[in-house]
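When reading the values below, keep in mind they use all heavy atoms of this one structure, side chains included, and skip hydrogens, waters and symmetry mates. Each residue takes its place number in the sequence, starting with 1.
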Amino acid sequence: MNPFIWLIEALIELVTWVVIASAIMSWLVAFGVVNTRNQFIRMVVETLFRLTEPMLRPIRRMLPNLGGVDISPVVLLLGLFFLREALRYYVWPHFY
């Protein structure tokens, strides 16, 4: 496998897991399961927010207000899955 292909797929996979972790952590904070006064938890939440917010903000601007339900992580994940499959179908066969 071409190392550039491997790197791009690994980055898409990493971003996917960061978005999933951010969504789960936001649910845990919203339902009071984790205490944000804990310094470690606060650091994790802040790091995940800073990593995902630049990708989620443009999606949130385009989506209509759904009354407190944020589906922007789902839209981002669908976009990442589509990008990965489109690259595999259209680009990767030319590099093998």
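Counting only N and O atoms by type, the side chains of Arg60 and Ser72 include a donor and acceptor under 3.5 Å apart.
Residues Leu76 and Leu83 fall within the same hydrophobic cluster, defined by Ile, Leu, Val, Met, Phe, Trp and Tyr side chains chained together at heavy-atom separations under 4.5 Å. In this structure, Ile20 is a member of the same hydrophobic cluster as Val44, with clusters built from ILVMFWY side-chain heavy atoms closer than 4.5 Å. Cluster membership check: Ile24 shares its hydrophobic cluster with Phe40, using side-chain heavy-atom separations under 4.5 Å among Ile, Leu, Val, Met, Phe, Trp and Tyr. By the criterion of side-chain heavy atoms lying less than 4.5 angstrom apart, applied directly or through intervening Ile, Leu, Val, Met, Phe, Trp or Tyr residues, Ile41 is grouped together with Phe31 in one hydrophobic cluster. Following chains of ILVMFWY side-chain contacts shorter than 4.5 Å, one cannot reach Val19 starting from Phe82, and the two form parts of different hydrophobic clusters.
Scanning both residues, Leu80 and Val15, for their nearest heavy atoms gives CD1-CG1, 3.6 Å. Considering all non-hydrogen atoms of both residues, Ser22 and Thr52 come closest at OG-OG1, 3.3 Å.
The line from CG of Leu87 to CD1 of Ile5 is 9.5 Å long, rounded to the nearest 0.5 Å. Atom CD1 of Ile59 sits about 10.0 Å away from atom CD1 of Ile71, to the nearest 0.5 Å. For the atom pair CG (Leu7) and CG (Leu14), the distance works out to 10.5 Å, reported to the nearest 0.5 Å. In this structure, CG in Asp70 is found 8.0 Å from CG in Leu63, a value given to the nearest 0.5 Å. Note that CD1 of Ile12 and CZ of Phe81 are 10.5 Å apart. Values are rounded to the nearest 0.5 Å.
Residues Glu46 and Arg42 are not paired through a salt bridge, judged by the lack of any N-O separation under 4.0 Å between the basic side chain and the carboxylate.
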In sequence, state the C-alpha distance, the side-chain angles, and the governing distance for Ile8 and Arg84, and then conclude on side chain to side chain contact (heavy atoms under 4.5 Å, CB included).
CA-CA 9 Å; Ile8 292 171; Arg84 185 184 62 207; over 6 Å; no
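Heavy-atom contacts from other residues, nucleotides or ligands closer than 6.0 Å to CD of Gln39 number 12 or fewer.
Side-chain atoms of Met62 and Val75, non-hydrogen and from C-beta on, never get closer than 4.5 Å to each other.
Applying the salt bridge (charged side-chain N to carboxylate O under 4.0 Å, His left out) test to Arg37 and every residue at least two apart in sequence or in another chain returns nothing.
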